Amino acid sequence: MPDTAAATLLIDGHWRSAPATFDVVDPASLDVLGQASDAEPADALAALDAASAAARGWADTDAETRSGHLRAAAAEIRARQGELASLLSRENGKPLAEAAGELAGGARMLEWAAEEGRRAYGRVTPASAAGPGLVLRSPVGPVLAITPWNFPASMLLRKVGLALAAGCPVIAKPAEQTPLIATALLGIVQATGLPAGVLQSLTTTRPAELVGALLADRRLRKVSFTGSTEVGLGLLRQTGDTLRRTSLEMGGHSPAIVFADADLEAAATGVVTAKFFNAGQSCTAVNRLYVHESVRDDLLALIEKKTAALRLGRGDVEGTKVGPLIDEAGLAKVENQVADAVAKGARILVGGSRWESGDPALRGHFFEPTVLTGVTADMLVSHEETFGPVLAVATFTGDDEAIDLANATDYGLAAYLFGSDLRRVWRALDRLDFGVIGVNDPAPVRPELPFGGQKNSGQEREGGAEGIESYTETKAVALRF
């Protein structure tokens, strides 16, 4: 673990500080929580030097030993869940219960990766006249894991766990808004006894410079990125003349469809949960709700009641259900979408404004949980990812119309269906252009399921049996005896 508060750079097995530091701010109070080291491109290259030097030894380490490190880290995270949840809540703003749940999910992801490392099988092909064939899988090499601020624990642990389980050294680049929880978690993983150079961490306010330096180096063999579509596509454009494995989990604009035969109480609970979790700051959050016109009024009455009951406040205060947005830019985007929708004819069912608590200690970026009805396709909220606590509602009359409305986006990460007719649901599953779909389930992200999107929401998958594949290369071996 770091010896000093700002020693947040992990390079070649040692925690170190950079000459410059930056403040980490509590988004609820805007108070400074601490400082992190501001890494430079030279630090990034030193991390890659260490990872490259460690790559062969870690690849040669047996899968059981690699898995043991991950299981030990998962156990320690569970043992310290309360302490870590408090830090995560203060740094990110999410309610304590959500923070604790994220950490529990992250521990499960480490355990899943540990088991997948032992199941990274090849295969034997039937013998031809010349002889049999083998398909082997080997670690891809040094990995750069770029993780977001909205789920700074689970996204980090998923990427790091899969890379280490596959036999790859990894350089983590946490989001600058949430470096403290990342440092704490990576400290736990490193403390399991990992060899020097297998795990690195770079905190910085200059991610483009550091990432650019790493992408220019052929020794980096894999990038795993979670963040905005704009930044993710920019990473692809920086590939230049070096082709490397690239996993992208980018933006989303998730639809939810409520059919006429849905359990409306369960659907309302599910939509509100999937919308306002983490204050709507999730790439899988419901942005667009399409409800069959025959049940519109009944469903909206339930959603209005449940949304109005959500309590805003600091995440570490008991009873808080919705915390602050991460920064002023996020708040301004939400305000702009609501104002645009209202100007074009939408109606505010509940919420609609910045939230002022009257408490001078709560100076952060709060917005009321908001439901807009009468939303049309020309409104910003219909085609831009919101990343905030605003639900846009429209109606449909036929199943085909609902599917077409849901698919009318450049994104394809998550979608949600609520209904009881399995034939209808199955037809919708076939036609929806999304990588993750929850059927009567507001929380469809699980370690055992592959996670990733279609279209401009990403490529490759993390989680499930597919997750470890993108951290390996495939070799075909023809044998002649």
Side-chain angles (χ1 to χ4, degrees), residues 23-36 77-78 80-107 147-157 174-185 226 272-286 306-334 351 353-370 386-391 442-443 445:
D23 290 339
V24 182
V25 176
D26 177 340
S29 67
L30 304 187
D31 293 336
V32 174
L33 288 174
Q35 287 77 39
I77 289 168
R78 286 198 174 93
R80 296 173 53 187
Q81 185 174 357
E83 162 204 342
L84 293 167
S86 177
L87 174 59
L88 173 53
S89 176
R90 286 182 287 123
E91 191 175 29
N92 167 276
K94 65 181 60 181
L96 269 175
E98 292 185 13
E102 180 178 345
L103 289 161
T147 59
W149 53 262
N150 58 334
F151 292 97
S154 58
M155 297 296 98
L156 176 72
L157 294 172
E176 63 193 83
Q177 296 91 339
T178 53
L180 302 183
I181 185 62
T183 299
L185 292 170
T226 297
V272 169
T273 298
K275 170 69 261 184
F276 298 110
F277 188 85
N278 201 27
Q281 299 171 114
S282 170
C283 51
T284 61
V286 172
K306 293 176 186 295
T307 303
L310 297 174
R311 177 179 169 183
L312 287 105
R314 288 187 59 88
D316 56 0
V317 173
E318 186 176 355
T320 294
K321 298 298 183 183
V322 178
L325 298 178
I326 195 67
D327 56 26
E328 179 63 30
L331 181 58
K333 180 179 181 181
V334 171
S353 303
R354 290 190 183 219
W355 180 70
E356 304 290 346
S357 70
D359 183 348
L362 288 179
R363 298 176 291 130
H365 313 290
F366 292 89
F367 198 87
E368 296 171 338
T370 297
T386 301
F387 234 64
V390 177
L391 176 65
V445 180

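Worth saying up front: this structure is predicted, and the values here are computed from it rather than measured.
Between G280 and A285, the shortest heavy-atom contact is O-CB, 3.8 Å. The two residues N150 and F387 come nearest to each other via the heavy atoms ND2-CZ, 3.4 Å. Summarising the geometry of G315 relative to S89, their closest heavy-atom pair is C-OG, 3.2 Å, with the distance given to 0.1 Å. Heavy atoms only, all atoms of each residue included: F366 and L331 are closest at O-CD1, 3.7 Å. Across all their heavy atoms, G313 and T320 have their closest contact at O-CG2, 3.4 Å. Residues L325 and A279 share a closest heavy-atom pair of CD2-O, 3.8 Å.
For the side-chain hydrogen bond (donor to acceptor under 3.5 Å, both in side chains) test, residues two or more places apart in sequence or in another chain that qualify with D316 are R314. Partners of A175 under the side chain to side chain contact (heavy atoms under 4.5 Å, CB included) rule, at least two apart in sequence or in another chain, are W149, Q177, T178. Judged as a side-chain hydrogen bond (donor to acceptor under 3.5 Å, both in side chains), and not counting sequence neighbours, the contacts of T226 are K159. Remark: E176 pairs with F22, T205, P207 by the side chain to side chain contact (heavy atoms under 4.5 Å, CB included) rule, at least two apart or across chains. Not counting sequence neighbours, the partners of K321 by the side chain to side chain contact (heavy atoms under 4.5 Å, CB included) test are L310. Evaluation of the side chain to side chain contact (heavy atoms under 4.5 Å, CB included) rule for A274 yields V286, Y416, P442 as partners, not counting sequence neighbours. Looking at residues two or more places apart in sequence or on another chain, you find a salt bridge (charged side-chain N to carboxylate O under 4.0 Å, His left out) between R78 and E111. The side-chain hydrogen bond (donor to acceptor under 3.5 Å, both in side chains) search around K333 returns none, not counting sequence neighbours. Legend: residues meeting side-chain hydrogen bond (donor to acceptor under 3.5 Å, both in side chains) with T307, ordered by chain and number and at least two apart, are absent.
A salt bridge (charged side-chain N to carboxylate O under 4.0 Å, His left out) check over residues 356-368, counting only residues at least two apart or in different chains, returns the pairs D31-R363. Applying the salt bridge (charged side-chain N to carboxylate O under 4.0 Å, His left out) test to residues at least two apart or on different chains, the pairs with a partner in residues 90-102 are K94-E102. The side chain to side chain donor-acceptor pair (under 3.5 Å) analysis of residues 273-282, with sequence neighbours excluded, yields the pairs K275-N287, S282-T284.
Within the model, atoms CH2 of W355 and OG1 of T370 stand 13.5 Å from one another, a figure rounded to the nearest 0.5 Å. We find the CG-OG1 distance between L157 and T147 to be 9.5 Å, quoted to the nearest 0.5 Å. The CG atom of L84 sits 12.0 Å away from atom CG of L180, with the distance rounded to the nearest 0.5 Å. The CG atom of L156 sits 6.5 Å away from the CG atom of L185 when rounded to the nearest 0.5 Å.
Side-chain atoms of P369 and L312, non-hydrogen and from C-beta on, do get closer than 4.5 Å to each other.
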Show your working on side chain to side chain contact (heavy atoms under 4.5 Å, CB included) between R80 and L103 and close with a plain yes or no.
-> CA-CA 10 Å; R80 296 173 53 187; L103 289 161; over 6 Å; no
